[in-house]
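Since the structure comes first, as structure tokens, the remarks are kept for the end.
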Amino acid sequence: MSNYSFNEIEDKWQAYWAKNGTFHADNHSEKPKYYVLDMFPYPSGAGLHVGHPLGYIASDIYARYKRHKGFNVLHPQGYDSFGLPAEQYAIQTGQHPRKTTEVNIKRYREQLDKIGFSFDWSREVRTSDPQYYKWTQWIFMQLFDSWYDKTQNKARAISELVALFASEGNQKVSAACDDDVKSFDATTWKGFSSEEQQQILLKYRLTYLAETEVNWCPQLGTVLANDEIVNGVSERGGYPVVRKKMKQWSMRITAYAQRLLDGLATIDWPQPLKDSQTNWIGRSEGASVTFLVDGHDASIDVFTTRPDTIFGVSFMTLAPEHDLVAQITTDEQRDAVATYIEATSKRSERERMADVKSISGVFTGAYALHPFSGKKIPIWIGDYVLAGYGTGAVMAVPCGDQRDYDFAKHFELEIPNIFEGIDISEEAYAEKDATPLANSDFLNGLPYAEAMPKVIEALERKGAGEGKINYRLRDAVFSRQRYWGEPFPVYYKNGLPQLIDWECLPLTLPDVEKYLPTETGEPPLGRADVWAWNTETQEVVSNELVDEKTVFPLELNTMPGWAGSSCYMFRYMDPGNDEALASPVAMDYWENVDLYVGGSEHATGHLLYSRFWVKFLYDRGVLPVNEPFKKLINQGMILGESAFVHRVEGENILVSAGKVNDQKTQPIHSDVSFVNNSNELDIQAFRQWRPEYENAEFITESDGTFKVSREVEKMSKSKFNVVNPDDICEQYGADTLRMYEMFLGPLEQAKPWNTAGITGVHSFLKKLWRLYHDDSGFRVSDENPSKESYKTLHKTIKKVEEDIEAFSFNTSVSTFMIAVNELTAQKCDTREILEPLVVLISPYAPHIAEELWERLGHTGSISTVPFPEFNEGYLIESTKEYPISFNGKMRFKLELSLDLSKDAVEEAVLAHEKTQQYLEGRTPKKVIVVPGKIVNIVG
RNA sequence: GCCUUGGUGGCGGAAUUGGUAGACGCGCUGGAUUCAAAAUCCAGUUCUUUCGGGAGUGUGGGUUCGAUUCCCACCCAAGGUACCA
């Protein structure tokens, strides 16, 4: 075999790796550990396209590189296999999601295997596997059994809280809990019934039941996320959506807000991603202020970041949903308020937030009393105030906040000016600078920084408020009205949630006949006839048996998608363990993920929830680490190049792109496989694609071809622009695919896929092959390499190592190309150069590297051969010429060595003097020569 | 609006702390090889030019002997986020 037969080579080595367990990672090793992880995929029915493996290729290169560097590398893969598409498919076809999921996983695995990843498949996990979700359920139980102690700043066992209540009541306990907890002493606690005690404890648990307002779609029988709603109707199906309160499980992530923020400083993540988590958590410092309502036994709490502007308050605004609205509205205003609330309730939260321009609101007729001046302040409601943030009420300071200003202008409310020497006739003044306050009683003359502590102290003294830190982060709703998710290990006794015994895990999903909600609006699990818990036999039994003594109904909701993905990285460490999430030994050895690769779209979902759970499990002594991912890299999306055929409006006439001109046409997606690299459409194939185009008229260019227009879009089946990696592997080989994906551009940047360029990378691999082969077959010599060849090799080692460490995989592909071109030109065929070269390339193109390694006479996989050592000595002789231009006219050259030796420095100094002679009497004052840096002239 | 990232040939993209802009690849042009094609190899390829040069990294300024790189203002694009008080 003297040709590069990539298919043969790749099959051979993939089989070899599988048979020999080449990438099996051991939990015990003398070597240092390194954990490289990809965000595991959701196995969709559409299969992988060329965009999916981008991050996997990058992490695989890094994992292989780390093996060469002597690390014991953990590089596992699995499937996030619970999810909505499988359930939707099940609803349509009646096919059990488990089956669909299995078929999809099988296809994913085949596609992944073809690309030659160095995954340790013996550690595979699937979130929908009962042996896996047993641990997801177990973590839920730990959260249920925990409360957050704000004094110790960690989660503790609920039994310790019960002990505290029994000994001293709850007055001294500082816990993250519901706002409406009443205080009690030890005696009162002991006097409570067991059920009353459970009710109270539920308000302290880290996962708890709460009434949450949700977007409810009756037709779909499910709650929708804001972005699943488009123009007030569901994205899927276009059904109406209403806002509804539902009792759902929530996760008390807010207890961890500050620690989630602080932890960011300890991890190596891209700054934009850290920023978005910081903004999501949204810490703001300020004060809470209480305003009494005139003539009512009621008060309104507001949070403000600018308590110093309190004398600028001229009205208050409540969210339309605020609890007090009904109580305080006067009879004269009742109709207007009711009309307004009716109107806003029809707008989704998203609509209200998106509409910045229109100002709306209505006066309640009620007044609040200013805590210092006692002045009467009108109370308005307005939908620019959101019920879900802060207290759902604001003190409006029109002169210091633009939204308040606009509201005041619109309704012709008073705009008192409290800033010394600032003109507020056109807009509000929101700067926190040294501008002194005016018309502000005891704050007069003080700038922001001095007024803040003073006003907070005054508020506290008066009992009208206190300094406060507010977070935007809200507790995470954890219930889903769906079938294909983890069941909760929870049953209900007298309406109170109880955990099933943990020894009975996993609580497996029951079969149901249909995957839709029940007629009475219960989640799909309501259809299971076997779905109740027998507390005596500790078994799941038939619903029919519920007798309220020993048999109780189980929770019908399932967990959200992020449940299974929050701690999977620890399960890989010890996936078969039936006694624990992972053994302490395995967790102590692997610690956490050293490098995590995935998309930035998970910034405020998965990546935040995962950090939350890890910190929680750390508190409870389950995990030895308090962050899941040390370093994170976001790979950019690979975009597809869609092809469009233009159809004349209302007619079955298709016009070539060059002939469209001013005609009214509609662009139609054409499958990209009908189009060649010159944008010419295969008309026959297009006609046969869809019956409606079979008899269409085609208006071609003057040369008879039909051209499509191109546009870069997200790669998706529905846009017919998907490129399948299997086809690329078939035609060019996996090594070409791997290198080309890296060569496309910087890993973190979004970039369009264009198969046309792949031949460059492919011919590089052919050239590489030919370095080791001549017409008669494999051939390398044992002669001494030339100086140039050494230089080429060591230059390459240096660059490739630097590039991999910096995740600049695109430039190292170029470096390889240059190296191979140079070695070809040098006619280099010596073993001493070619052996290390193949090791360098092996992370990128592992199949060809293994094959060449074997042909070089080695046994065993190349994957653990040490990475070649860089020797600077081989580069010293290189020289570089630097022209110095002066006044754009004079030009001379300096020839300098890159060597830092004495000679080189002397040479540089000589050059410096030469330069000075040239520059003498002209503008520059000083010329500095820095060895290695060559020349630096300072004016 | 705000935050983040980016804007370099026909295209994807290089350029270390400010030091020969356009590496490498695609495409294109010419040549070699071939009956021919494929494959391969060699040369050229930022624009402009009166062949001396001149211009040039989104736009306009600034700092510097020297700016793709640093500073200021603006324009555009992508992603994120949002009446966050």
Side-chain angles (χ1 to χ4, degrees), chain A residues 3 270-276 278-280 282-284 286 302-306 309 317 319 350 352-359 382-386 388-397 400-404 406-407 430 470-473 600-601 603-604 634 636-637 639 677-678 712 740 743-746 748-761 763-764 766-767 770 799 802 806 808 810-818 821 824 880-888 890-891 893-894 915 918-919 922-927 930 932-939:
Chain A
N3 280 330
Q271 196 55 41
L273 205 130
K274 284 190 182 185
D275 290 347
S276 63
T278 305
N279 294 338
W280 190 263
R283 178 192 154 105
S284 48
V302 300
F303 173 77
T304 175
T305 52
R306 297 294 304 272
T309 62
T317 315
R350 170 117 345 159
R352 277 169 61 179
M353 292 188 293
D355 183 11
V356 197
K357 281 174 198 133
S358 64
I359 293 161
D383 68 0
Y384 78 99
V385 177
L386 294 181
Y389 181 75
T391 60
V394 302
M395 59 175 225
V397 183
D401 181 283
Q402 194 56 43
R403 286 180 313 266
D404 296 344
D406 294 340
F407 194 88
N470 199 49
Y471 298 93
R472 169 194 181 274
L473 187 69
S600 58
E601 66 273 20
T604 53
N634 290 128
M637 216 186 321
L639 304 164
N677 289 331
S678 315
V712 173
Y740 186 55
F743 186 63
L744 273 178
E748 298 178 79
Q749 198 175 294
K751 48 213 168 275
W753 176 271
N754 177 6
T755 308
I758 204 167
T759 53
V761 171
S763 57
F764 153 74
K766 286 195 276 189
K767 277 187 212 167
R770 278 201 305 278
K799 186 74 164 66
E802 282 169 3
S808 309
N810 55 329
T811 50
S812 45
V813 177
S814 299
T815 307
F816 287 132
M817 289 176 172
I818 295 165
N821 283 343
T824 303
K880 218 174 172 185
E881 293 179 356
Y882 285 88
I884 304 282
S885 74
F886 182 67
N887 285 349
M890 230 185 308
R891 180 169 281 206
K893 280 181 180 178
L894 295 173
T915 312
Y918 268 93
L919 299 179
R922 300 172 210 264
T923 346
K925 291 171 194 140
K926 206 164 58 166
V927 182
V930 184
K933 171 73 196 219
I934 316 303
V935 185
N936 192 16
I937 305 168
V938 180

Nearest-angstrom distance, C1' atom, B:rA36 to B:rC28: 23 Å
Nearest whole Å is fine: how far is B:rA14 P from A:Lys751 NZ? 10 Å
B:rA85 P sits how many Å from A:Phe303 CZ, rounded? 8 Å
Mapping A:Glu802 and A:Gly760 to their closest nucleotides on RNA chain B, which lands nearer the 5' end? A:Glu802
Separation between OH (A:Tyr740) and CG (A:Asn754), nearest 0.5 Å, reads 5.0 Å
Not counting sequence neighbours, which residues clear side-chain hydrogen bond (donor to acceptor under 3.5 Å, both in side chains) with A:Thr811? List them please. A:Asp803
Does B:rU34 pair with anything, Watson-Crick or G-U wobble, both distances under 3.5 Å, and if so, with which nucleotide? none
Proximal nucleotide (of B:rC24, B:rA85, B:rU4) relative to the A:Asp275 side chain: B:rU4
Pull out every protein N or O sitting under 3.5 Å from an N or O of nucleotides 39-43 of chain B, one pair per line with the distance.
unit_1, atom_1, unit_2, atom_2, d
B:rU40, O3', A:Arg770, NH2, 3.3
B:rC41, OP1, A:Arg770, NH2, 3.3

Partner nucleotide, any strand, of B:rA21 [Watson-Crick/G-U, under 3.5 Å]: none
B:rG52, syn or anti by chi within 90 degrees of zero: syn
Would you indicate what A:Asn821 reaches in the nucleic acid, counting non-hydrogen atoms under 4.0 angstrom: base, sugar-phosphate, or nothing? sugar-phosphate
May I ask which nucleotide in the shown strands pairs with B:rU68, Watson-Crick or G-U wobble, both distances under 3.5 Å? none
B:rG13 and B:rG22: how far apart are their C1' atoms, nearest whole angstrom? 10 Å
Distance check, P atoms only: B:rG18 and B:rC42, in whole angstrom units. 37 Å
Apply the side chain to side chain contact (heavy atoms under 4.5 Å, CB included) test between A:Met395 and each candidate in A:Val302, A:Asp401, A:Asp404; give the one that qualifies. A:Val302
Please identify each residue that fulfils side-chain contact (heavy atoms from CB on, under 4.5 Å) with A:Thr759, with sequence neighbours left out. A:Tyr732
Any strand: nucleotide that pairs with B:rA15 via Watson-Crick or wobble, under 3.5 Å: none
Which residues satisfy the side-chain hydrogen bond (donor to acceptor under 3.5 Å, both in side chains) test with A:Thr317, sequence neighbours excluded? A:Tyr384
Check the distance between B:rG6's P and A:Gln271's CD and give it to me in whole angstrom. 13 Å
Would you tell me if any nitrogen or oxygen in the side chain of A:Arg472 comes within less than 4.0 Å of OP1 or OP2 on B:rA82? yes
Between CZ on residue A:Phe816 and NZ on residue A:Lys799, distance to nearest 0.5 Å: 10.5 Å
Using a 3.5 Å distance criterion without hydrogens, assess whether the side chain of A:Lys751 forms a donor-acceptor pair with backbone atoms of A:Pro746. yes
Counting heavy atoms from C-beta on, name the nucleotide in B:rA85, B:rC3, B:rC24 closest to the side chain of A:Asn279. B:rC3
For B:rG6, does the O4'-C1'-N9-C4 (purine) or O4'-C1'-N1-C2 (pyrimidine) torsion place it in syn, i.e. within 90° of 0, or in anti? anti
For B:rG79, does either OP1 or OP2 sit under 4.0 Å from a side-chain N or O belonging to A:Asn634? no
Suppose we define a pair by two distances each less than 3.5 Å, Watson-Crick or G-U wobble; what does B:rU29 pair with here? B:rA43
Using the C1' atom as the point on both nucleotides, what is the distance between B:rA15 and B:rU8, in whole Å? 10 Å
Kindly say whether, by distance alone, the side chain of A:Asp383 makes a donor-acceptor pair under 3.5 Å with the base of B:rC83? yes
Side chain of A:Thr604, heavy atoms from C-beta onward: which of B:rU81, B:rG13, B:rC24 has the nearest atom to it? B:rU81
Sticking with atom P, work out how far B:rU59 lies from B:rU68, rounded to a whole angstrom. 11 Å
Separation of atom CG in A:Asp401 from atom P in B:rA85, rounded to whole Å: 9 Å
B:rA23 P sits how many Å from A:Lys799 NZ, rounded? 14 Å
According to side-chain contact (heavy atoms from CB on, under 4.5 Å), who are the partners of A:Arg283, at least two apart in sequence or on a separate chain? A:Gln258, A:Leu261, A:Glu285, A:Ile469, A:Tyr471
Residue whose closest nucleotide on RNA chain B lies nearer the 5' end, A:Gly282 versus A:Met817: A:Met817
Select one nucleotide: of B:rA14, B:rA82, B:rA85, the one nearest the side-chain heavy atoms of A:Pro746. B:rA14
Under the side-chain contact (heavy atoms from CB on, under 4.5 Å) rule, collect the residues that match up with A:Val813, sequence neighbours excluded. A:Met739, A:Met742, A:Phe743, A:Met817, A:Tyr844
Residues two or more places apart in sequence or in another chain: which of them pass side-chain contact (heavy atoms from CB on, under 4.5 Å) with A:Pro272? A:Pro270
Collect all protein-nucleotide pairs involving nucleotides 7-9 of chain B in which both atoms are nitrogen or oxygen and the distance is under 3.5 Å.
none

Which base sits across from B:rC2 as a Watson-Crick or G-U pair, both distances under 3.5 Å? B:rG80
B:rC74 and B:rU81, which share atom name P, separated by this distance in whole Å: 26 Å
Please work out if A:Pro270 contacts a base, only the sugar-phosphate, or nothing of the nucleic acid, heavy-atom cut-off 4.0 Å. nothing
What's the shortest heavy-atom distance between A:Leu639 and A:Ala750, and which atoms? CD1-CB, 4.3 Å
Whole Å only: how far is the CG atom of A:Leu639 from the C1' atom of B:rA78? 10 Å
Side-chain N or O of A:Asn810 versus OP1/OP2 of B:rA14: is the shortest distance under 4.0 Å? yes
Can you tell me, in whole Å, how much space there is between the P of B:rG27 and that of B:rA77? 32 Å
Roughly, in whole Å, what's the span from CD in A:Gln749 to P in B:rU5? 13 Å
If we call it a pair only when both distances are under 3.5 Å in a Watson-Crick or G-U wobble match, what pairs with B:rC51? none
Any strand, both distances under 3.5 Å, Watson-Crick or G-U wobble: B:rU57 pairs with none
Using the P atom as the reference point in each nucleotide, state the distance between B:rA39 and B:rU29 in Å, no decimals. 15 Å
How close do A:Leu273 and A:Ala603 get, counting heavy atoms only, and between which atoms? CG-CB, 4.0 Å
By side-chain hydrogen bond (donor to acceptor under 3.5 Å, both in side chains), A:Asn470 pairs with (sequence neighbours left out) A:Tyr389
Separation of A:Glu748 atom CD from B:rG13 atom P, in whole Å? 14 Å
